[in-house]
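For reference, the structure discussed in these notes is given below.
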Amino acid sequence: MKLTLIFSILALGTITSKAQELPDPNFIPEGDAPNALHFIPMPPADGSARFLYDKAQYFRGKTMRSGARGEQARLDANPYFDYTLSVFDSSFGVAVTDSVTPETYRLMYGVFHAAKKYTTRILKNYYCRPRPYVWFGEPSLTPRYDEEMRDSWSYPSGHTSRAYTMAFVLASLNPANQDTILSRAYFYGQNRVICGHHWQSDVDAAKVVAAALYARLQTDSTYLVYWNRAKAEIRKLENEGRITRLQPATGSLYAADYGSGDQGMIHANLTARKRKHREAPYVPDADFANSLEILPAPPQETSVEFLYDQYQYFDGKQQRLTPRANVAIADAEYTAKGFARNFAGAFGILVNEENTPELWKLLRAVMKSESGAASQAKNYYQRTRPYAYYNQGSLVPEEEETLRTNGSFPSGHTTMGTVWGLILAEINVANEDTILKRTYDYGQSRVIAGYHWQSDVNAGRYLGATFVARLHADKAFMKQLKKAKKEFRKLEKAGKIQHYDP
C-alpha cells in the first residue's frame with residue numbers, strides 16, 4: 001500500500017512538472033508587430049547633411065578597427081542568438097544559459113526571434129539601402145560575413161534592434177545592473193558602424209524600433225508568462241547571492257568615443273554624490289538608469305556630428321514658417337495636461353481625470369520621477385541650448401530666460417514624450433503606429449522650437465525607453481497599468497476610442 005502511494009505521488013509530480021512546461025516561445029502574432037515604416041524617418045538621401053555625417057562616422061569607425069575595440073566589434077558581428085545573449089553576461093551579473101538560468105534563457109530566445117522577425121524585415125526590403133562597405137566597395141572588418149550580408153540591406157540595423165530589445169528586457173529583469181546592461185548595448189550598436197556593416201543612421205533608427213517592440217511585447221500574454229517565470233528565477237538567484245552587482249566603468253562612453261583628458265575624474269566625483277530624492281510613487285530617481293553612464297557625451301563643436309546638429313537647427317528654423325510651428329509650440333508645454341492634449345489625437349481619446357481616471361493616475365505618477373532620468377547628464381555637461389548658442393529667438397520666447405542656463409543634453413521633453421508614447425502604445429495597440437509616429441514627431445518639435453539639438457533629442461528617445469523598461473520592473477506601476485488597461489478596454493468596447501490607420 002505504501003509503495004503504491006509513493007508511485008502515485010511520483011507520477012503526480014511528473015504530470016505536474018510536464019503541465020508546467022512551456023512550448024518554445026513565439027511572441028507577437030504574425031503581422032501584428034508595430035510597422036516602423038510609419039514612425040521612423042527615411043534613411044538619409046545621398047548628398048544630404050545627414051548622409052555626410054554617416055560617411056564621416058564610417059571613416060571614424062575605420063580608425064577604431066585595431067586594438068581591443070576592433071576585436072570586440074569583430075566578435076559582435078556574430079548574428080546568432082547564443083552569442084548575442086552572451087554579450088550581456090558580464091553586464092547582467094550572471095551568465096544567461098540553458099543550464100544556469102533556463103527560464104531567462106527561454107524568454108530571451110523568444111525576444112531575440114521576435115526582434116529578428118518583425119523589427120527590420122519590412123524596412124530593409126522597402127528601402128534596400130546598401131551597407132557602407134558595399135557603398136564604398138571595400139571589405140568590412142568581418143569579411144566572412146560580407147557576401148552573406150551584401151543583399152540583406154542596411155536600414156535599420158537588425159543586430160542593433162535585437163540587442164537593444166534584449167537589453168531593455170534584461171534591464172527590467174535585473175534593474176540593479178541596468179546601467180551596465182544598457183552601456184553594453186550602446187557599444188554593441190556602435191560596433192556595427194566600426195565593422196562597416198551599418199551607417200550611424202541605421203543604428204540610431206534601430207534604437208527607436210527596439211523601443212517600439214519592447215512596448216509591444218508588454219501586450220503579449222505569452223511574453224508576460226515567460227517574463228514572470230524569468231523574474232522569479234532571477235529573484236531566487238539574487239537571494240542566493242549568485243547575481244553580481246556591477247557598476248559601469250565611470251566615464252567609459254566618453255573615453256571610448258571622444259578621448260577623456262581629465263573628464264574621467266570629474267565624472268567620477270560627480271556620480272559618487274548621492275542623487276537627490278523626491279517623492280516617487282513607483283521608482284525613486286536614484287533607481288533609474290544613470291544618464292551619465294548609458295549615454296555618450298554630446299558632440300564636440302569640432303565634430304561632424306555637431307555640424308549635423310547645426311544643420312538640423314537651421315532646417316528647424318525653416319519649419320517655423322509652416323503650420324508645423326504650431327505643433328512645436330503646443331509640444332513645449334511640460335505638464336500632464338499638455339502631454340495629454342498633444343497625444344489625444346493619436347491615442348484616440350483625451351486622457352484626463354474624467355475620461356480615464358486610472359490612466360490619468362498612472363501617467364501623473366510617472367511624471368513625478370522623470371527629472372531624475374535626465375538630470376545627471378544635464379547637470380554634468382551643461383550643454384548650451386541652440387537658441388542661446390546662436391543668441392537668437394526660439395518659438396517659445398517666454399521660456400528662454402528660464403531655460404537659458406538649463407542643460408540641453410539630453411532633451412527632458414523628449415524623454416518624457418517617449419515615456420508617454422510607449423505607455424500609450426502599449427495600452428492602445430490598435431493605434432500603436434500612429435502613437436509612435438506622434439512620439440517621434442514630438443521629439444522633433446524640440447529641434448524646431450530651437451530648444452534642443454538633434455543629438456539631444458536622439459539621446460532623450462533612448463533615455464525614455466530605458467525609463468519605461470525600469471517602470472515595468474516595479475510592482476506598483478504594473479498594478480496601476482493593469483487597471484489602466486482594463487479601463488481602456490471598457491472604453492473601447494463602448495465605442496469611445498477613435499482608431500486610425502497611420
Side-chain angles (χ1 to χ4, degrees), residues 24-25 27 57-58 61-62 64-102 104-121 123-124 129-134 138-171 180-200 202-207 209-210 213-214 252 256-257:
D24 287 338
F27 305 144
Q57 289 294 87
Y58 169 79
K62 286 185 68 174
M64 302 172 73
R65 291 183 181 179
S66 60
R69 186 67 190 275
E71 181 57 30
Q72 189 62 68
R74 184 180 290 106
L75 292 172
D76 284 357
N78 186 322
Y80 301 108
F81 166 66
D82 279 315
Y83 177 78
T84 308
L85 182 58
S86 72
V87 159
F88 296 101
D89 283 352
S90 60
S91 58
F92 187 65
V94 66
V96 178
T97 66
D98 199 16
S99 57
V100 177
T101 54
T104 307
Y105 181 86
R106 296 179 77 193
L107 168 74
M108 300 312 298
Y109 178 87
V111 170
F112 176 88
H113 284 283
K116 187 174 182 179
K117 284 188 292 185
Y118 302 119
T119 56
T120 59
R121 184 177 57 192
L123 287 163
K124 282 178 176 287
R129 188 186 195 190
R131 295 177 182 272
Y133 75 93
V134 176
E138 300 176 343
S140 74
L141 178 61
T142 54
R144 59 177 292 195
Y145 297 115
D146 284 1
E147 199 54 42
E148 175 187 344
M149 303 188 78
R150 183 174 299 277
D151 296 323
S152 63
W153 311 117
S154 184
Y155 185 85
S157 166
H159 277 68
T160 304
S161 66
R162 294 191 293 271
Y164 269 83
T165 306
M166 294 170 78
F168 293 145
V169 175
L170 290 170
T180 55
I181 294 166
L182 296 167
S183 295
R184 183 63 179 94
Y186 170 81
F187 283 117
Y188 184 92
Q190 292 309 115
N191 283 344
R192 301 304 294 150
V193 179
I194 294 172
C195 273
H197 277 266
H198 283 287
W199 306 98
Q200 183 65 50
D202 302 339
V203 170
D204 293 341
K207 297 175 188 179
V209 173
L213 183 67
Y214 177 78
S252 57
D257 281 0

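The residues of the chain are indexed from 1 along the displayed sequence.
Atom OG of residue Ser154 and atom CE of residue Met149 lie 8.5 Å apart, to the nearest 0.5 angstrom. Considering CZ of Phe92 and CE of Met108, their distance stands at 8.0 Å, rounded to 0.5 Å. With rounding to the nearest 0.5 Å, the separation of OH in Tyr155 from NZ in Lys124 is 11.0 Å. Here Leu75 contributes atom CG and Tyr83 contributes atom OH; the two are 4.5 Å apart, rounded to the nearest 0.5 Å.
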Full working for side chain to side chain contact (heavy atoms under 4.5 Å, CB included) between Gln190 and Met64
CA-CA 11 Å; Gln190 292 309 115; Met64 302 172 73; over 6 Å; no
Assess the residue pair Tyr145 and Asn78 against the criterion (side chain to side chain contact (heavy atoms under 4.5 Å, CB included)); give the C-alpha distance rounded to whole Å, side-chain angles, the decisive distance to 0.1 Å, and a yes or no.
CA-CA 9 Å; Tyr145 297 115; Asn78 186 322; 3.9 Å; yes
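Two residues are said to be in side-chain contact when any heavy atoms from C-beta on lie closer than 4.5 Å; Pro25 and Tyr109 meet this criterion. Side-chain contact check for Phe27 versus His113: every heavy-atom pair is 4.5 Å or farther apart. When side chains are defined from C-beta on, Asp202 does not count as touching Arg192, because their heavy atoms never get closer than 4.5 Å. Side-chain atoms of Tyr105 and Leu85, non-hydrogen and from C-beta on, do get closer than 4.5 Å to each other. Two residues are said to be in side-chain contact when any heavy atoms from C-beta on lie closer than 4.5 Å; Tyr188 and Met166 fail this criterion. Side-chain contact between Trp199 and Gln57 is absent, with no heavy-atom pair separated by less than 4.5 Å. The shortest side-chain heavy-atom distance between Ile181 and Phe168 does not fall under the 4.5 Å cut-off.
Residues Arg74 and Cys195 share a closest heavy-atom pair of N-SG, 4.3 Å. Annotation for Arg69 and Asn191: closest pair NE-OD1, 2.9 Å, computed over non-hydrogen atoms. Scanning all heavy atoms of the two residues, the minimum distance from Ala73 to Ile194 falls at CB-CG2, 3.9 Å. For the pair Ala206 and Ser161, the tightest heavy-atom approach, listed with the atom from each and the gap, is CB-N, 3.7 Å. Of all heavy-atom pairs between Val203 and Gly189, the closest is CG2-O, 3.4 Å. When every heavy atom of Tyr164 is checked against every heavy atom of Ala185, the shortest pair comes out as CE1-O, 3.3 Å.
Remark: the backbone N or O of Thr142 is paired with a side-chain donor or acceptor of Ser140 at under 3.5 angstrom. Proximity of a side-chain donor or acceptor of His198 to a complementary backbone N or O of Pro156 within less than 3.5 Å is not detected.
Side-chain N/O atoms of Thr104 and Thr101 include no donor and acceptor closer than 3.5 Å.
Here Tyr80 and Phe112 keep their ring centres 6.0 angstrom or further from each other.
Evaluation of the salt bridge (charged side-chain N to carboxylate O under 4.0 Å, His left out) test over residues 75-96, restricted to residues two or more places apart or in two chains, returns Asp76-Arg184.
Note: Tyr133 and His197 have tilted aromatic rings, judged against thresholds of 30 and 60 degrees for the angle between ring planes.
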